Asker: 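My questions all concern the structure below.
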Amino acid sequence: MKTPLIDIRRLTRDYAGGGLFAKPSLTRALDDLTMTVEAGTIHGIVGESGCGKSTLARILMALDKPTSGDVLFDGEPLFQLSPKDLMRKRRDFQMVFQDPFGSLDPRQRVARIVAEPLHVLEVKPSRQEKRDRVMALLEAVGLTAAQADRFPHEFSGGQRQRIAIARALITEPKLVVADEAVSALDLSVQAQVLNLITRLKRERGVTFLFITHNLAVVDAVADQVGVMYRGRLVESGPARAVFERPLHPYTQVLAEAEPSVTKFGRPPRAEPKTSQPLKAEPGQGCAFLPRCRLASPRCASEVPALRSVLPGRQAACHHAETMLAEEP
Amino acid sequence: SALAAPKTSLVLGMNPEPQGLDPTIAAPVAIGQVTWQNIFEGLVAIDRTGKIVPQLAKSWEISPDGLTYTFHLREGVTFHDGQPFNSEAAKFSLDRARGTDSVNPQKRFFAAIDTVETPDANTLVLKLKTRNSSLLSWLGWPASVMVGPKSSVNDKTTPIGTGPFKFVSWAKGDRVELAANPAYWNKDVKLGLDKVTFRFIGDPQAQAAALKSGDVDAFPEFTAPELIASFKDDPKIATVIGNTELKVVAGMNNARKPFSDKRVRQALMMAVDRATVIEGAWSGLGQAIGSHYTPNDRGYIDTTGVHAYDPAKAKALLAEAGYPNGFSFTIKTPQMPYAPRSAEILQAMFAEIGVTMTIEPTEFPAKWVQDVFKSTDYDMTIVAHAEPMDLDIYARDPYYFNYKNPAYNAVLDKIEQTTDAAEQDKLYGEAQTILADDVPALYLFVLPKLGVWNAKLKGLWENEPIPANVLTEVHWEE
Amino acid sequence: MTALLLRRSASLFLTLLAVSGLIFLVMQVLPGDPAAIMLGTSASADTLAALRQELGLDQPMLVRYLQWIGGLASGDLGTSITYGVPVAGLIGERLAVTLPLAFIAILLSVAIALPLGVLSAAKRNGPVDYIAGFVSQLFIAVPGFWVGLLLALVFAVKLGVMPSGGFPGWQAGFGPALQALVLPAIALALQQAGVLTRVTRSAVAEVLGEDFVRTARAKGLPKRVTLWRHAVRNALVPVVTILGLQFTFLIAGAVLIENVFNLPGLGRLAYQALTQRDLVVMQDVVMFFAGLVILVNFLVDMSYLILDPRLREASR
Amino acid sequence: MSAPDLPHAPAARQRPPLRPNLVIGGAIVLFLFSVALLSLVWTPLPPTKMQIVMKLKAPLEKGLFGTDHLGRDIASMLMAGAWNSLSIAVSAVLLGAAAGTALGVTAAARRGLFEAISMRANDVIFAFPPVLSAMMLGALLGTGRGTAIIAIAVFMVPVFARITAGAAAQVWARDYVLAAMSAGKGRALITVEHVLPNIANQIIVQVAIQLGLAILTEAGLSFLGLGMAPPAPTWGRMLADSQTYLGTAPWLALMPGLAIALTVFGFNMLGDGLRDLLDPREKGRS
Amino acid sequence: MSAPLLDIQGLNIAMRLARGGRLPIVNDLSLTLQAGDTVGIVGESGSGKSLLSLAVMGLLPPAAVVSGRILFEGRDLLSLDDDGMSEIRGRRIGMIFQEPMTALNPAMTVGDQIAEGLVRHEKLSWNAARDRAVELLDRVRIPDPKARASAYPHQMSGGQRQRVGIAIAVAMRPALMIADEPTTALDVTVQAEVLEILDDLCQRESMALMLISHDLGVIARMCARTLVLYAGRRMEEGATRAVLTGPLNPYTKGLLRAVPRRRADDGPLETIPGSVPGFARLPAGCVFSDRCLDVVAACQAGEPAWTSPLPGRGVRCIRAGEEVSA
Ligand SMILES: Nc1ncnc2c1ncn2[C@@H]1O[C@H](COP(=O)(O)OP(=O)(O)OP(=O)(O)O)[C@@H](O)[C@H]1O
Ligand SMILES: Nc1ncnc2c1ncn2[C@@H]1O[C@H](COP(=O)(O)OP(=O)(O)OP(=O)(O)O)[C@@H](O)[C@H]1O
Ligand SMILES: [Mg+2]
Ligand SMILES: [Mg+2]
């Protein structure tokens, strides 16, 4: 088995609240997260707001340090690299942000924005070289060379997102982390950007870590998907399989709540929870417990570990087998 | 407010506010202007003509060798708090002023005194180390007033003296109130006032407004000459322009080039048109002087013609001294209004003879004392000298002019040794002539005493032989 | 909330300490010897030395600093070099002028600025707004001390309806004392009013553009109610902030205005103490001003907690 | 409403129409600067030339604005004063803005202890009322142009530091800064390339406003005798000198007072106009 | 058929531009709603959906110029003054706004914000109104409503705030509810809950609902009828199921195709080429003609009229007839 492009090992990130004199508080944004991403795939990450998706992205980009755990990028532990090596490594991973309006410096021209990541190259390319590469990429993302000297405000949201993608690709990275890269876009523009990403994967072999809370989008483009809940990975596997047959109750809740143009009118009311609302001690038990329809006493005392349930499919639920047995 | 009966209260405006109310421990003139002759009295006093008159000493004898002074003190005098004034108190006052831990600003006055003896309660004998013809006059100064042995420590805030008025209160920054002393020893004095308020108003505009509105009855020393004209057509207000001892002189550092060259100093003097300076700086009020002496001093001679205004001659003299193209220097001017104004005019006048003068505002007293007075680090400065008949400062070594002329010192010595008044007057004339010719400082003008007060108010001093607001004879007249 | 209070108080204390150190250092390097100033030009060296000893000026710097702040901590501000009275009393007397002056000025400026600013925000780009804008610009542009001069000229000298300056003291009665403060307070207030009007206008205008104002309108509240209940309330944070920031300018203005109107206030005390190098008074007064500014800004910070409930949480 | 204000297509951004305050403010400031510069080479009469016999002449009786107590031409003094006042204000504000901005952006970039300490230091400086600190500086350094500049600059520093720190912190929260960081750019470089250009507008607007304040402060200092040395005329000293002539020659006070007011007014209008022009937040609203 | 609750006829909204001139945004818009009707309004960002809803509320920005007629319960809202509108707003028409984070006053407790309208319209005392607010919070399924009533908005999650927004809007039992993208800022699970609350209200109180969204799925879930807007024009209208399964206008078709879904052939998603042209530079003729796959020369000749090729359906496309007959 070849080494995965990214190998995330037991990643935990705590945010300390409070200041110099206030009493400290801890927010655990990532909780013992382990995951791998294969090269040349689009790997989706879904989950509700605040579940730690952006934190994960920031750590992968080495913009933030984990409290514990490590990330192996191409076999190299990211957080044990010397600053110089990290700098060298940075050309291999780039990021596309959610807000197409906030991620481009409004005072810089497109050419300069796109060229920014070239900063990490040891051998600084000449002006002409830079310009050529920028033009080539702009064309690759469907923009014209003439637009290189414009300012971001002259572009629509979709076009801006393409500029951001062009910027992410200029160092020919192996990995692009896209954090909610299409959430702010209109349907038609969203489709254009998704197509671009799929094409780049196919034609240039770029790996995408595609973070979103929109299941349909992940379903449309991702090869693999990971579902996060409260800083933990609760399910992972091939995208199609995961959505067709969730192995974690949370995934199921998500899939059912997702509105669709094919579901008209009021959905059948989810059956009311049968069991008593169980409460887990903090730090113990399953985080999804209070919302889970399958909750059992075991869930309150034992944190479910992520485990292989089917070949290529993992879930962190004590009742994954029950789910498997249910009729879809 | 106009009352039928004559008013017996007075609000008297002053600027600046005194710093403490004990004239024997701090120098500011304003302290004496509030307290001297009103609260505190001396063995002798100086009257409105500048004469030395008996006060707490009703008479005195000076031994022929001039080394023993015997004062006969007045009897039955008490301080405001009831302490008796007697030879003990007098001795205490003098010893306090001259002792080792004295902080009397004029301690030098008493340097000549060897011993103070009190043969009886009403006799005080001073034994001198050397002759000193100024001692008697000095004893009339505010710094030499008599203080109560028990009360002196608090005089700074609650002054207790023997004078016709008692201290009542002091609202710092605003006013000091006095009340007539019913137990005043001098029964010949008929006080016209029973309540006196000194109000401290810094801003001339506010001074004028206060006068016009009647908030203040009198400003014996109004600070803005340009506003005097505005009182002229007000029949309720009298303006009385008198003399002071305040000589505005632009002192030069005689030790520093090019001022060490007498010709340069003379040339600068000739470049100055005093009349214009007076007109521009002080609205034409004030009297030109040619040396460090005022017309009210004894033996005064007019020396303004010695180096009369003549720019052409000034230029020639400069060329002769080796500065055909003039030179540049800096004047350190304190912030009192007469100084920058005069300096600005001088600047323009010097420019006419090719001399460039830069004005450097120098905070007075803090920085001025430090720079000019202490370390004589200056080219020229401008300041009004307040002490009467202080010709001796040019003989002092060190003094900030750095002026050294043995001939001049000899004249001053002679004055000290002479007892004949006419002879002294002649010698004073000589001294003036030397200064006028040597020009250790540019002699400009004497500041006038700009008295502005209610026309019904009588008895204030018109002239100022010594800075004071003596209220003994002040009264309202219908 | 208590934690925040504690934290802020601690930093308040540290700031005050730093300020005191800075003030003391400045005092030490100021040229001019207080003793020499008191004794004038005729004093001899030993007289000076005697006075310096009496005043404690001969002690080492650190000792004097520690004595000073030790005194401050125990409420003893020392004795004025020139007046010879305890500084605490001196400051107290002057405060009786400066505090009412500042207070009236603030009150006046708020009374002018708040309605004017709110009105011009509500009627943005209308004639009221333009006029208010012009007037407030004018208020800002005209130097306060100059306004003071003109006011004194018109109301005291020409019309004679107001005292020209000076302060009769509160013992002279409330009326006369207040009257003496009216013109200076106006001179002091106009500039603040100008600044405040503009801040109020933009703050209210900003809030009026917020979604929740639309929500309030959608409930059927008329414009007036929305304006005062929703917009103005939420615009107070920037307004109060500026009020706090302007406080130091208010004090600076007071120094000038007290000179113009001959008021025996703290500003004049500072000025006087500086020229006389009454270091004790000087450092106390400057410390007092600085402390006041810091305290006001502290209070402003604290007032945020009342005005903006979000900050109450954030502060836990 | 988040998105609808933004253009949907690559449309050329329309230049907003010139606002009246920008035009008025700009014109006033331009006029003042021209007058100030002109005064260096030409004034109707030398501003320091005294003609005592011509003192206190009313406007138009002698010269455009009359003469002062020393018979100097007020119009000429105002012109020269414009240069002195403006040059002090401009140098002070530039100095204060440079130092304050440097402090502010560094604080925003470094956060943590540096931020805490520098912002606290700001508080300390800010705690001194400007006139008070100017008085002390004047006592310390002597009065004059340099002192006035430093005294004004000193209290500009915390103003600019606060504003830039706040604005820079907002820029630091932007995704494009994250993008730059992930390109391996250091904090200093990001500050220069992204933060400064994006807060420049706010700084420029503030500079215009603070210039007005600096003019006022300079006048106040001159009024207290803490400004430039005579004979160089400054508006503040002209005002101070005129005080005692208010009753007899009011134009002495009126002219410099109006000059100050006009200048501050001009700078504030300009600041407002620039804010409208440069600050996109105001544009969407009407 | 009784008089409609809301009858919008020939509504035009233009924005006054800062540099002079007007930019027409909403053009010739008509829409009728009966009591209990649920209509969805879809369209891309910037297509004029919010302006339409604000026009009904009488809360258009000052720069907007509006013409046409908006009849509500027989009264023309456009001719009412602000006081008249204040009587209708909140009481007869409620509105839920898009951004739950900013739509509530941060300095007022949510209870008071709900109570405020009741005090105003129903002349309740503050205390009575606050009690009602607690009931309303309970209605929108906020746990522990009594305690939460005295909470400030920042102390609530986005979903909870949106429910408060709903509580404010339903407080006076309005006859018409306008919900402008009420769930775009919310998680899918929270969104589902919010939609359910709205649904309940419509069904139990026969409240009419005008739901604005660009999420076709949300429209499908909530609305009986759908109106599709593009560049301020109605493009298509009809029963939701009919519109979404059998679209007549190429724009609607394009939208539906662009909905992300996994394609069996792993090919690219279908898109609408080009981008929305900005109101200042709309193409001649049909505003969609520059992006339309089915464009013919006639499309550019003039703006197509609003036609009704099928009962209960309306469409703006000259080729819609072909579609129907095909
Ligand atoms: N700098 C920070 N300091 C403290 N807490 C933080 C910080 N950044 C994030 N958090 C907390 O960590 C958790 C995860 O945040 P994160 O931004 O990673 O979520 P997310 O999944 O990206 O959410 P969203 O979908 O809303 O973007 C949240 O509870 C958040 O409040
Ligand atoms: N205050 C305004 N001034 C000028 N133009 C405006 C204003 N408000 C909206 N517009 C313009 O009107 C058009 C329609 O805006 P509207 O807010 O109705 O769109 P929307 O369909 O609600 O979009 P979204 O889905 O983004 O909310 C947009 O092109 C917008 O630019
Ligand atoms: Mg996120
Ligand atoms: Mg909208």
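Everything quoted here is computed from the prediction, not taken from an experiment. So that the names make sense, note that chain A is the first sequence line, chain B the second, and so on, each numbered from 1.
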Asker: Holding to side chain to side chain donor-acceptor pair (under 3.5 Å), I want the full list of residues that pass it with A:Asp223, two or more places apart in sequence or in another chain.
Answerer: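 For A:Asp223 the side chain to side chain donor-acceptor pair (under 3.5 Å) partners, ignoring immediate neighbours, are A:Lys201.
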Asker: At their closest point, which heavy atom of E:Ser45 faces which heavy atom of A:Asp186, and how far apart are they?
Answerer: N-OD2, 2.9 Å
Asker: Where on E:Glu193 is there a heavy atom nearer than 4.5 Å to chain A: the side chain, the backbone, both, or neither?
Answerer: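 It is neither, since no heavy atom gets under 4.5 Å.
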Asker: Starting from the C-alpha separation in whole Å, work towards a yes-or-no answer on side chain to side chain contact (heavy atoms under 4.5 Å, CB included) for A:Arg266 and E:Asp200.
Answerer: CA-CA 10 Å; A:Arg266 190 179 194 127; E:Asp200 282 352; 2.6 Å; yes
Asker: Whether the side chain of A:Asn195 engages the backbone of E:Pro268 through a donor-acceptor N/O pair (distance < 3.5 Å, no angle test) should be reported.
Answerer: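 Checked: no pair found.
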Asker: Determine the option with the most heavy-atom pairs under 4.5 angstrom with chain A, choosing from E:Ala192, E:Ala258, E:Pro273.
Answerer: E:Ala258
Asker: Output yes when a side-chain donor or acceptor of A:Gln192 lies under 3.5 Å from a complementary backbone atom of E:Ile272, and no otherwise.
Answerer: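 Looks like yes, one N/O pair under 3.5 Å.
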Asker: Which residue pairs pass the ring pair (Phe, Tyr, Trp, His ring centres under 6.0 Å) test with at least one member in residues 185-211 of chain A, sequence neighbours excluded?
Answerer: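 Output for this query is empty, none listed.
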Asker: Closest heavy-atom contact between A:Leu187 and E:His214?
Answerer: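 Heavy atoms only, the tightest pair is CD1-O, 4.2 Å.
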Asker: Heavy-atom cut-off 4.5 Å, strictly under: side chain, backbone, both or neither for E:Arg291 against chain A?
Answerer: side chain
Asker: Identify which part of A:Val182 has an atom lying under 4.5 Å from any heavy atom of chain E, answering side chain, backbone, both or neither.
Answerer: neither
Asker: Are any of the side-chain heavy atoms of E:Leu256 and A:Val261 separated by less than 4.5 Å?
Answerer: yes
Asker: So which bits of residues 221-230 of chain E come within less than 4.5 Å of chain A, counting non-hydrogen atoms only?
Answerer: E:Arg221
Asker: What is the minimum heavy-atom distance between E:Thr271 and A:Ala191, and which atoms define it?
Answerer: CG2-CB, 3.3 Å
Asker: Most heavy-atom pairs under 4.5 angstrom with chain E, which of A:Leu185, A:Asn214, A:Asp219, A:Val221?
Answerer: A:Asp219
Asker: Using 0.5 Å steps for rounding, measure from the CG atom of E:Leu269 to the OG1 atom of A:Thr198.
Answerer: 6.5 Å
Asker: Given A:Pro259, which partner from the list E:Thr183, E:Leu216, E:Val218 fulfils the side chain to side chain contact (heavy atoms under 4.5 Å, CB included) test?
Answerer: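 Only one option passes, and that is E:Val218.
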Asker: I need the contact set between residues 237-247 of chain E and chain A: heavy-atom distance under 4.5 Å, sorted by residue number.
Answerer: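 Checking residues 237-247 of chain E against chain A gives E:Thr240, E:Arg241, E:Leu244, E:Thr245.
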Asker: Which atoms of A:Arg199 come close to chain E, meaning under 4.5 Å heavy atom to heavy atom: side chain ones, backbone ones, both, or neither?
Answerer: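 No part of A:Arg199 comes within 4.5 Å of chain E.
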Asker: How close do A:Lys263 and E:Ala220 get, heavy atom to heavy atom, and via which atoms?
Answerer: O-CB, 3.6 Å
